[in-house]
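Right, one structure below, let's go through it.
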Protein chains: 2
Amino acid sequence: MLSKSTKYALKAVLFLAVNSSENSKVMVKDIAKPINVPQAYIAKLLQKLSKENIISSSRGPKGGFYLSEGDRQHSVLSIIIAIEGEKKLTNCLLNLKKCNEFKPCPLHNKISSIRSELLQSFGEMKIDELSQEIKAAQAFLPL
Amino acid sequence: MLSKSTKYALKAVLFLAVNSSENSKVMVKDIAKPINVPQAYIAKLLQKLSKENIISSSRGPKGGFYLSEGDRQHSVLSIIIAIEGEKKLTNCLLNLKKCNEFKPCPLHNKISSIRSELLQSFGEMKIDELSQEIKAAQAFLPL
DNA sequence: GACAAAACATGATAATAATCATATTTCGGA
DNA sequence: TCCGAAATATGATTATTATCATGTTTTGTC
Ligand code: FES
Ligand code: FES
């Protein structure tokens, strides 16, 4: 449903939400280990997220990745889109060039409203909110 | 959201639902062309579906693929599962080894009910029903 | 029974996604 | 101002998915 890359990215961002701040940055090797993701690979993903302003970073000694207050207001959806693009989620399920109700594929009417809900739900989930739940041990990060 | 293979398979089965019957089988080249899918590839997928008893086939001259009355009662979900397996749809979104409400990942509570609805919806969509809509020109197959 | 038409089976190639490796830039601190 | 620590950039390798190609079996027809 979500690509491996997207899952990795979400885990990393949530990890940063819990374990980093403006003055306590964390470097990739200290992210990769606890979330159990190949270091060189998550490094690439983090750079991409950084370039898309989903997360923040600074170079050099005492540098690393972190979430600014602004970063914490981003949604899960924005991360999904940053990594795998919007189309994966909104394309027609049978690959009609455009998904709309005027020339729908046979699955459209049955599924499109649920899919919208799903998207909306992803859009409403803010990183900040999710990290609260992790801190409160109401939710858990894998590995 | 669905793999290319799954989309191809769904298109092919719906095409058969509209254009085949017990005594009017259609061979892969006459399926591949109208649904615009590589012939050798859809051939493999059709064989898989046939082996899983989602569709029917017979060999030799005057042979081909078709849907029996029973085949028409299959759901979209059964096709998705036949092609890409169930796990793709039910796995934890962040890859916890098991997805459940007792040790949920941060996305679980927000998403799992919508995801169940989506699965249920796929399960309730029967091939027969969808083919009615295509015949009534209320829905359209791509390419 | 011979023949040809079809599905079936198997393996080879190509495209994409995931992983690994290495060089370059930036920046804090001695 | 020099050094090393970090992100950044780029490219190479591997694994998975999609695509292509070719041979084998079944079966209706003559
Ligand atoms: S037209 Fe196919 S999902 Fe909307
Ligand atoms: S535990 Fe992650 S989706 Fe259910």
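Note on naming: letters A, B, ... go to the chains in the order of the sequence lines (proteins, then strands), and numbering restarts at 1 for each one. No experiment lies behind these values; they were computed from the predicted model shown.
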Item to check | d(CG, Asn53(B); C1', dA7(C)) in whole Å | outcome: 15 Å
Checklist entry - To the nearest angstrom, how far is Lys87(A) atom NZ from dT16(C) atom P? => result 13 Å
Next on the checklist: Test side-chain hydrogen bond (donor to acceptor under 3.5 Å, both in side chains) on Tyr66(B) and Ser58(B); report intermediate values, then the result.
Outcome noted: CA-CA 9 Å; Tyr66(B) 64 100; Ser58(B) 72; 5.8 Å; no
Item to check | Spacing of Glu52(B) atom CD relative to dA7(C) atom P, expressed in whole Å | outcome: 19 Å
Checklist entry - What integer distance in Å separates Ile55(A):CD1 from dA6(D):P? => result 16 Å
Item to check | Asn100(A) (side chain) donor-acceptor with Lys103(A) (main chain) under 3.5 angstrom | outcome: yes
Next on the checklist: Taking only side-chain N and O atoms of Lys48(A), does any of them lie within less than 4.0 angstrom of OP1 or OP2 on dA9(D)?
Outcome noted: no
Checklist entry - For Met27(B) and dA4(C), what is the distance between atoms CE and P respectively, to the nearest whole Å? => result 16 Å
Checklist entry - With a 4.5 Å heavy-atom cut-off, do Leu46(A) and Ser57(A) have their side chains touching? => result no
Checklist entry - Roughly, in whole Å, what's the span from CD in Glu84(A) to P in dT16(C)? => result 16 Å
Checklist entry - Any donor and acceptor pair, going by atom type alone, linking the side chain of His108(B) with main-chain N or O of Cys105(B) inside 3.5 Å? => result no
Checklist outcome for this item: In Glu117(B), Glu133(B), Glu124(B), the residue satisfying salt bridge (charged side-chain N to carboxylate O under 4.0 Å, His left out) with Lys110(A) is Glu133(B)
Next on the checklist: Using a 4.0 Å cut-off on heavy atoms, which residues in residues 66-79 of chain A reach DNA chain C? List them by number, or say none.
Outcome noted: none
Checklist entry - With a 4.5 Å limit on heavy-atom distance, are the side chains of Lys25(A) and Ser20(A) in contact? => result no
Checklist entry - So, the side chain of Thr6(B) versus the backbone of Ile80(B): is there a donor-acceptor pair under 3.5 Å, distance only? => result no
Find every protein N or O atom lying less than 3.5 Å from an N or O atom of nucleotides 16-23 of chain D, and list the pairs.
from    : atom 1 : to       : atom 2 : distance (Å)
dA18(D) : OP1    : Lys4(B)  : N      : 3.3
dA18(D) : OP2    : Ser5(B)  : OG     : 2.8
dT19(D) : OP1    : Lys4(B)  : NZ     : 3.4
dT19(D) : OP1    : Tyr8(B)  : OH     : 3.4
dT19(D) : OP2    : Tyr8(B)  : OH     : 3.4
dT19(D) : O4     : Lys44(B) : NZ     : 3.3
dC20(D) : N4     : Lys44(B) : NZ     : 3.4

Checklist entry - Between atom CG in Leu45(A) and atom P in dT19(C), what is the gap in whole Å? => result 9 Å
Checklist entry - To the nearest angstrom, how far is Gln47(B) atom CD from dT26(D) atom P? => result 14 Å
Pull out every protein N or O sitting under 3.5 Å from an N or O of nucleotides 25-30 of chain C, one pair per line with the distance.
from    : atom 1 : to       : atom 2 : distance (Å)
dT25(C) : O2     : Arg59(A) : NH1    : 2.9

Checklist entry - Does Glu84(B) use its side chain to pair, donor to acceptor, with the backbone of Ser3(B) at less than 3.5 Å? => result yes
